[in-house]
Amino acid sequence: MKKVTMLAKEASIFDHTGNRIHTDDRDVSIIARMEDPMIAILGNVVSNEECEALIRLSETRMKRSKIGAGHQVNEMRTSSSTFLDEDEITSRIEKRIAQIMNVPVTHGEGLHILNYKPGQEYKAHFDYFKSKSTTMNNPRISTLVIYLNDVESGGETYFPHMNLAVSPQRGMGVYFEYFYSDPLVNERTLHGGSPVIEGEKWAATMWVRRKQYR
Ligand SMILES: O=C(O)CCC(=O)C(=O)O
Ligand SMILES: [Fe+2]
């Protein structure tokens with residue numbers, strides 16, 4: 001056989017073609033996508049009622065966000081957050097997210113709800129772990145951030161290496177993945193939540209692992 005020397009393009013987990021993702025209970029639209037790394041802007045991910053329900057379920061549970069292995073409070077992330085328990089509404093949404101992200105529900109860490117008040121932000125970071133901890137055995141591979149409300153001003157999810165800023169809009173989301181064999185491609189997923197200027201921001205994040213997590 002002839003030896004193929006050209007490098008094949010690395011496959012994305014997000015293998016959807018066309019303009020829509022037909023999940024069991026909802027058609028999610030692909031508004032924009034780019035590759036290396038795959039970043040996709042999605043519409044119609046969740047309904048207005050689901051956004052309101054997720055906010056209501058979280059409101060009484062919000063705590064100042066922690067980061068890193070030591071779970072410290074840090075100026076990196078000034079928002080409040082909580083992980084939601086499984087119930088009828090969260091499991092319906094998680095099933096849909098699994099179809100969007102093309103990874104079984106059990107690989108997901110669960111719905112993590114974030115709330116940013118004016119001035120609060122999440123400085124640029126990687127969602128994957130760089131330390132040689134036990135997480136290396138089951139690393140994070142992809143993220144979906146879903147916006148649960150409209151923000152008057154500020155609060156974009158920004159990717160400084162890509163010169164990309166995604167404005168939060170209720171029901172929409174931004175997907176990205178960072179499992180590539182080329183570490184330089186993964187490093188381009190550096191991202192943050194820019195400070196909210198006016199109004200507040202509610203978002204739900206799903207971080208997904210390579211192997212079963214729950
Ligand atoms: O709030 C955002 O726009 C980004 C959130 C984020 O980066 C995360 O939850 O890992
Ligand atoms: Fe993140």
Side-chain angles (χ1 to χ4, degrees), residues 14 31-32 37-43 45-46 51 54-55 58 61-69 71-84 90 93-94 97 100-101 103 107-131 135 139-180 185-209 213:
F14 188 88
I31 292 169
M38 173 66 75
I39 301 178
I41 317 297
L42 305 174
V45 180
V46 286
C51 291
L54 291 179
I55 293 172
S58 320
R61 308 170 48 119
M62 302 305 280
K63 295 210 174 71
R64 175 73 192 268
S65 304
K66 310 271 170 63
I67 56 159
H71 300 287
Q72 321 90 324
V73 169
N74 189 293
E75 283 315 305
M76 270 294 289
R77 192 169 174 187
T78 50
S79 53
S80 301
S81 60
T82 188
F83 274 102
L84 286 181
T90 58
I93 294 170
E94 285 187 35
I97 290 174
I100 296 168
M101 300 181 85
V103 175
H107 293 213
E109 295 185 22
L111 280 172
H112 185 248
I113 309 295
L114 285 161
N115 177 237
Y116 303 78
K117 308 277 190 225
Q120 295 183 341
E121 66 180 315
Y122 193 174
K123 294 212 170 87
H125 63 278
F126 300 105
D127 281 355
Y128 53 89
F129 313 107
K130 284 193 152 172
S131 65
T135 53
R140 281 185 183 162
I141 56 171
S142 58
T143 300
L144 176 62
V145 179
I146 303 169
Y147 306 111
L148 303 180
N149 74 325
D150 293 326
V151 183
E152 294 298 320
S153 177
E156 300 90 350
T157 307
Y158 65 99
F159 296 80
H161 295 325
M162 311 305 298
N163 294 322
L164 173 69
V166 183
S167 299
Q169 290 190 37
R170 184 164 69 171
M172 292 184 53
V174 56
Y175 168 89
F176 52 97
E177 57 188 32
Y178 33 80
F179 69 98
Y180 299 95
V185 178
N186 298 328
E187 282 169 19
R188 290 187 206 135
T189 64
L190 183 75
H191 65 281
S194 63
V196 167
I197 295 167
E198 209 189 319
E200 65 177 326
K201 173 181 170 188
W202 286 92
T205 301
M206 179 64 78
W207 295 294
V208 162
R209 304 291 185 118
Y213 179 74

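As the structure lists them, so they are numbered: ligands from 1, and atoms in each ligand from 1. The chain is numbered in sequence order, starting from 1.
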_Any heavy-atom pair between the side chains of F14 and I100 that's under 4.5 Å?_
yes
*Taking C-beta and beyond as the side chain, do S167 and E156 meet within less than 4.5 Å on heavy atoms?*
yes
*Which pair of heavy atoms, one from N186 and one from F179, lies closest together, and at what distance?*
OD1-N, 3.5 Å
_Step-by-step side chain to side chain contact (heavy atoms under 4.5 Å, CB included) determination, E109 to R140_ = CA-CA 9 Å; E109 295 185 22; R140 281 185 183 162; 2.6 Å; yes
*Taking the six-membered ring for Trp, are F176 and F159 parallel (under 30°), tilted (30 to 60°) or perpendicular (over 60°)?*
perpendicular
*Any L54 side-chain heavy atom under 4.5 Å of I93 side chain*: yes
Kindly print each ligand 1 N/O atom paired with any protein N/O atom under 3.5 angstrom away, one pair per line, or none if nothing qualifies.
from: ligand 1; atom 1: 1 (O); to: Y116; atom 2: OH; distance (Å): 2.6
from: ligand 1; atom 1: 1 (O); to: K201; atom 2: NZ; distance (Å): 2.9
from: ligand 1; atom 1: 3 (O); to: T157; atom 2: OG1; distance (Å): 2.6
from: ligand 1; atom 1: 3 (O); to: K201; atom 2: NZ; distance (Å): 2.7
from: ligand 1; atom 1: 7 (O); to: H125; atom 2: NE2; distance (Å): 3.1
from: ligand 1; atom 1: 7 (O); to: H191; atom 2: NE2; distance (Å): 2.9
from: ligand 1; atom 1: 9 (O); to: T205; atom 2: OG1; distance (Å): 2.9
from: ligand 1; atom 1: 10 (O); to: H125; atom 2: NE2; distance (Å): 3.4
from: ligand 1; atom 1: 10 (O); to: D127; atom 2: OD1; distance (Å): 3.1
from: ligand 1; atom 1: 10 (O); to: W207; atom 2: NE1; distance (Å): 3.3

*Give, rounded to 10 degrees, the angle between NE2 (H125) and OD1 (D127) as seen from the Fe ion (ligand 2).*
90°
